[in-house]
Amino acid sequence: MPRGFDRERTNVHKLQYHFIWCPKYRKSVLEGEVHDRLEELIEEKADELGLEILELAIRPDHVHLFITGDPTLAPNKIIQQLKGYSSRRLRDEFDFGLPSLWTRSYFVSSAGDVSSEVIEEYIDAQAGE
């Protein structure tokens, strides 16, 4: 098995996702105590979901999160859990003056060690057998 891949009983995988999301109206509210608490909350929820945080950068008006996880969790469910949990907890602890903490939008992309060209070549090679 190649290095860096996770092996489970029925699959081998390496799934990595880069998420970006913003507070409502792109307000710069993720500073100071809010920044520190958000970092704790993201780490808690990631641990609960069995995700490994590869990189986390919290800016005043947006969050970058690079994680690896297993194939049983779809990216939309991951971000739903992270945003929902952190919003509920932060809104209980801080007054943002916003109708909701996060926008409904987010960015997600997958990352990996294999390019699309390599995958296409592999599939073509398998078809020739």
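Note: hydrogens, waters and symmetry copies are ignored here, and every other heavy atom, side chains too, is used.
Judged by distance alone, with hydrogens and angles left aside, the side-chain atoms of Thr68 form a donor-acceptor pair with the main-chain N or O of Leu15 at under 3.5 Å. Checking side-chain atoms of Trp102 against main-chain N and O of Lys83 turns up a donor-acceptor pair under 3.5 Å. Proximity of a side-chain donor or acceptor of Arg91 to a complementary backbone N or O of Ser87 within less than 3.5 Å is not detected.
Glu55 places none of its side-chain heavy atoms less than 4.5 Å from the side chain of His18. A 4.5 Å side-chain heavy-atom check between Glu48 and Glu44 finds every atom pair outside the cut-off. For the pair Ser86/Lys45, no side-chain contact is recorded, criterion being any heavy-atom separation below 4.5 Å from C-beta on. Considering only heavy atoms from C-beta on, Ile42 comes within 4.5 Å of Leu65 through its side chain. Contact check for Leu101 versus Val29: side-chain heavy atoms found under the 4.5 Å cut-off. Side-chain contact between Cys22 and Phe107 is absent, with no heavy-atom pair separated by less than 4.5 Å. Contact annotation: the side chain of Trp21 approaches that of Ile79 to within less than 4.5 Å [non-hydrogen atoms, C-beta and beyond].
Counting all heavy atoms, side chain and backbone alike, Leu98 lies closest to Lys27 at CD2-CG, 3.8 Å. The heavy-atom pair separating Pro23 from Thr103 by the smallest distance is O-CG2, 3.5 Å. Nearest heavy-atom pair across Pro99 and Lys24 is CG-CE, 4.2 Å.
Residue Phe66 forms a side-chain contact (heavy atoms from CB on, under 4.5 Å) with just one option from Leu54, Leu56, Ile53, and that option is Leu54.
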Residues Gln81, Leu49; criterion side-chain contact (heavy atoms from CB on, under 4.5 Å); working and verdict = CA-CA 9 Å; Gln81 290 286 315; Leu49 295 172; 3.8 Å; yes

Step-by-step side-chain contact (heavy atoms from CB on, under 4.5 Å) determination, Ile78 to Tyr106 = CA-CA 11 Å; Ile78 293 170; Tyr106 64 92; over 6 Å; no

Give the intermediate values and the outcome of side-chain contact (heavy atoms from CB on, under 4.5 Å) for residues His64 and His62.
-> CA-CA 7 Å; His64 285 270; His62 66 283; 3.3 Å; yes

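The structure places CG of Asp36 at 8.0 Å from CD1 of Ile58, a figure rounded to the nearest 0.5 Å. Interatomic distance, Arg59 CZ to His35 NE2, rounded to the nearest 0.5 Å: 7.5 Å. Between Leu30 atom CG and Glu39 atom CD the span is 12.0 Å, to the nearest 0.5 Å. Considering CD1 of Ile67 and CG of Leu73, their distance stands at 8.5 Å, rounded to 0.5 Å. Between atom CD of residue Gln16 and atom OG of residue Ser109 there is a gap of 10.5 Å, rounded to the nearest 0.5 Å. In this structure, NZ in Lys77 is found 13.5 Å from CG in Leu82, a value given to the nearest 0.5 Å.
Note: Tyr17 and Phe19 have tilted aromatic rings, judged against thresholds of 30 and 60 degrees for the angle between ring planes. Ring orientation note: the planes of Phe94 and Phe96 are tilted relative to one another, at an angle of 30° to 60°.
Under a hydrophobic clustering in which Ile, Leu, Val, Met, Phe, Trp and Tyr are joined whenever their side-chain heavy atoms come within less than 4.5 Å, directly or via other members, Ile20 and Tyr25 fall into different clusters.
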